Amino acid sequence: ILFEENKNDNSDVFGQLISFNGDILGPETGIIISDNESRQNNATVDYNNILNELMVCWDDDRNGSQDIYCASITLHDMLVSEIPITPNQDLDQKNPYIKYTLTNSSLVFWEEAGGDILNDQGQPTFTYYNDIAFQEIKSGLLIHASEGEILCNAFHSQSKPRIDLLSEDANDFSYVVYWEDGRSSG
């Protein structure tokens, strides 16, 4: 179970493990996933039964804008290892979604704020559209460039990215990524 707790005028991310019998397996106050002095929210989690670990991702404004952070949590010792995904980016990254793959990596997708567009006079004008970006994490390391990869940057906003397994062929694992898209209505 993930939950946010508001302390010192900001929200922090906590988790708790509960057995099938309803017994609390973690500390009574919860497992501290991120209690940085800034706001952390919109947490998402996935479980890898081979590695016996959880991957939790959230958006975090510790650097002045919303960035994506993740943490792996090994269940045998409750060790939390933070993994910055998009620290110190100029524009906001928010609303992450995490999914373990069948090759023991994690794919994290998020909404990434778009930037300037030219107006009718050719002058830059800031618009706040969201694109979809992603990063792959394997053994705690980022596979793509530190800012992640853009998956879709079509005009108007894309939001709420999700991923599901499409094919489990012995030689190839395929996934489908989908999201809400504002191209038809803005």
Side-chain angles (χ1 to χ4, degrees), residues 2 13 33-34 36 38-48 50-51 53-73 80-118 124-169 171-186:
L2 291 178
V13 178
I33 297 170
S34 182
N36 189 280
S38 64
R39 179 191 52 80
Q40 296 87 37
N41 61 355
N42 297 318
T44 179
V45 63
D46 200 16
Y47 171 66
N48 183 311
I50 308 262
L51 299 175
E53 74 176 14
L54 299 170
M55 184 68 76
V56 178
C57 297
W58 64 93
D59 56 62
D60 190 310
D61 68 356
R62 71 179 74 176
N63 298 312
S65 64
Q66 289 175 289
D67 295 317
I68 303 298
Y69 282 77
C70 295
S72 64
I73 304 168
V80 177
S81 300
E82 189 172 271
I83 305 166
I85 303 298
T86 63
N88 301 311
Q89 298 295 313
D90 292 333
L91 298 173
D92 289 343
Q93 295 86 39
K94 59 186 180 180
N95 298 323
Y97 185 78
I98 187 76
K99 184 76 166 181
Y100 269 108
T101 69
L102 295 176
T103 58
N104 293 324
S105 68
S106 297
L107 293 172
V108 58
F109 293 84
W110 63 88
E111 298 169 22
E112 175 134 347
D116 294 332
I117 301 179
L118 299 180
T125 173
F126 183 75
T127 53
Y128 197 75
Y129 290 123
N130 290 322
D131 301 327
I132 301 297
F134 75 98
Q135 180 62 267
E136 185 175 8
I137 307 164
K138 183 133 180 139
S139 301
L141 301 173
L142 304 182
I143 301 302
H144 302 287
S146 63
E147 65 275 359
E149 299 287 332
I150 297 294
L151 181 65
C152 181
N153 62 354
F155 188 67
H156 289 301
S157 281
Q158 292 81 44
S159 61
K160 300 178 185 166
R162 298 293 182 263
I163 181 172
D164 282 311
L165 182 65
L166 183 63
S167 171
E168 197 173 337
D169 183 351
N171 298 320
D172 182 39
F173 301 119
S174 299
Y175 299 87
V176 61
V177 181
Y178 52 98
W179 57 87
E180 291 184 16
D181 199 301
R183 280 180 265 193
S184 66
S185 62

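Sequence positions, counted from 1, serve as the residue numbers for this chain. Model, not experiment: these values are computed from the prediction. Side-chain atoms are counted along with the backbone in the values below, which use heavy atoms only and exclude waters and symmetry mates.
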Engineer: So, the side chain of Asn48 versus the backbone of Ile50: is there a donor-acceptor pair under 3.5 Å, distance only?
Structural biologist: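 The answer is yes, because a donor-acceptor pair under 3.5 Å joins these two groups.
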Engineer: Specify the closest pair of heavy atoms between Ser159 and Trp179, including all atoms of both residues, with the distance to one decimal.
Structural biologist: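 Residues Ser159 and Trp179, closest heavy atoms: O-CB, 3.2 Å.
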Engineer: Using only atom types and a distance under 3.5 Å, with no angle test, would you say the side chain of Glu111 pairs donor to acceptor with the backbone of Lys160?
Structural biologist: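 Looks like yes, one N/O pair under 3.5 Å.
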Engineer: Rounded to the nearest 0.5 Å, how far apart are CG of Asp172 and OG of Ser167?
Structural biologist: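 So the CG of Asp172 and the OG of Ser167 are separated by 6.0 Å.
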Engineer: So, taking the atom named CD1 in Ile132 and the one named CG in Asp181, what distance separates them when rounded to the nearest 0.5 Å?
Structural biologist: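 Ile132 atom CD1 to Asp181 atom CG measures 8.0 Å (nearest 0.5 Å).
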Engineer: If you look at every heavy atom in Leu107 and Phe109, which pair is closest and at what distance?
Structural biologist: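 Reported closest heavy-atom pair: CB-CE1, 3.7 Å.
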Engineer: At their closest point, which heavy atom of Pro96 faces which heavy atom of Trp110, and how far apart are they?
Structural biologist: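 Shortest heavy-atom contact: CA-CB, 4.0 Å.
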Engineer: Hey, mind stepping through Arg183 and Cys152 against side chain to side chain contact (heavy atoms under 4.5 Å, CB included) and telling me if it holds?
Structural biologist: CA-CA 11 Å; Arg183 280 180 265 193; Cys152 181; 3.8 Å; yes
Engineer: Main chain of Asn130, side chain of Ser157: is a donor-acceptor contact present, judged purely on distance under 3.5 Å?
Structural biologist: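 Between the backbone of Asn130 and the side chain of Ser157 there is a qualifying donor-acceptor contact (under 3.5 Å).
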Engineer: Please report the closest heavy-atom contact between Tyr47 and Tyr100, naming both atoms and the distance.
Structural biologist: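 Residues Tyr47 and Tyr100, closest heavy atoms: C-CD1, 3.6 Å.
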Engineer: Can you check whether Val13's main-chain N or O pairs, donor with acceptor, with Ser34's side chain at less than 3.5 Å?
Structural biologist: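 Here the side-chain-to-backbone pair does not exist.
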Engineer: To the nearest 0.5 angstrom, please state how far the CD atom of Gln158 sits from the CD1 atom of Ile150.
Structural biologist: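 Result: 9.5 Å between the selected atoms.
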Engineer: Kindly check if the number of other-residue, nucleotide or ligand heavy atoms within 6.0 Å of NZ (Lys138) is above 12?
Structural biologist: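 More than 12 within 6.0 Å, yes.
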Engineer: Quick check: does any side chain N or O of Asn42 sit under 3.5 Å from a backbone N or O of Asp59, one acting as donor and the other as acceptor?
Structural biologist: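 The answer is no, because no donor-acceptor pair under 3.5 Å joins these two groups.
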Engineer: Could you tell me which non-hydrogen atom of Val56 sits nearest to which non-hydrogen atom of Ile73, and how far apart they are?
Structural biologist: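 Looking at all heavy atoms of both residues, the shortest contact is CG2-CD1, 3.9 Å.
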Engineer: Could you tell me whether the side chain of Gln135 and the main chain of His144 form a donor-acceptor pair under 3.5 Å?
Structural biologist: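 Checking the backbone N and O of His144 against the side chain of Gln135, a donor-acceptor pair under 3.5 Å is found.
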Engineer: Before you tell me yes or no, could you show the steps for Asp46 and Met55 under side chain to side chain contact (heavy atoms under 4.5 Å, CB included), namely the whole-Å CA-CA distance, both residues' side-chain angles and the distance that decides it to 0.1 Å?
Structural biologist: CA-CA 6 Å; Asp46 200 16; Met55 184 68 76; 5.5 Å; no
Engineer: Begin with the C-alpha distance, continue with both residues' side-chain angles, and end with the deciding distance and a verdict on side chain to side chain contact (heavy atoms under 4.5 Å, CB included) for Trp58 and Tyr69.
Structural biologist: CA-CA 6 Å; Trp58 64 93; Tyr69 282 77; 3.5 Å; yes
Engineer: Does Gln93 use its side chain to pair, donor to acceptor, with the backbone of Asp60 at less than 3.5 Å?
Structural biologist: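 Pair absent, no side-chain N/O of Gln93 close to backbone of Asp60.
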Engineer: Applying side chain to side chain contact (heavy atoms under 4.5 Å, CB included) to Leu165 and Lys99, what does each step give before you reach the verdict?
Structural biologist: CA-CA 10 Å; Leu165 182 65; Lys99 184 76 166 181; 5.8 Å; no
Engineer: Could you walk me through whether Asp169 and Ser174 pass the side-chain hydrogen bond (donor to acceptor under 3.5 Å, both in side chains) check?
Structural biologist: CA-CA 8 Å; Asp169 183 351; Ser174 299; over 6 Å; no
Engineer: Between the main-chain N or O of Asp131 and the side-chain N or O of Asn153, is there a donor-acceptor pair closer than 3.5 Å?
Structural biologist: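 A pair under 3.5 Å: no.
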Engineer: Which value, rounded to the nearest 0.5 Å, describes the distance between Ile85 atom CD1 and Cys57 atom SG?
Structural biologist: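 Ile85 CD1 to Cys57 SG: 6.0 Å, rounded to 0.5 Å.
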Engineer: Counting distance only, does the side-chain N/O of Gln40 pair as donor-acceptor with the main-chain N or O of Ser38 below 3.5 Å?
Structural biologist: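 Looks like yes, one N/O pair under 3.5 Å.
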Engineer: For the CD1 atom of Ile143 and the OG atom of Ser105, what is their distance to the nearest 0.5 Å?
Structural biologist: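 Reported to 0.5 Å precision, the distance equals 7.0 Å.
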Engineer: Does a side-chain heavy-atom distance below 4.5 Å link Pro161 with Ile163?
Structural biologist: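 Counting from C-beta outward, Pro161 and Ile163 never come under 4.5 Å.
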Engineer: Under 3.5 Å, side chain of Thr101 to main-chain N/O of Thr103, donor-acceptor pair present?
Structural biologist: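 Yes; at least one donor-acceptor contact below 3.5 Å.
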Engineer: Would you name the heavy atoms of Leu142 and Pro84 that are closest together and state the gap between them?
Structural biologist: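 For Leu142 and Pro84, the tightest heavy-atom pair comes out as CD1-O, 3.8 Å.
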Engineer: Measure the CG-CG distance between Leu2 and Leu54 for me, rounded to the nearest 0.5 Å.
Structural biologist: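 Leu2 CG to Leu54 CG: 8.0 Å, rounded to 0.5 Å.
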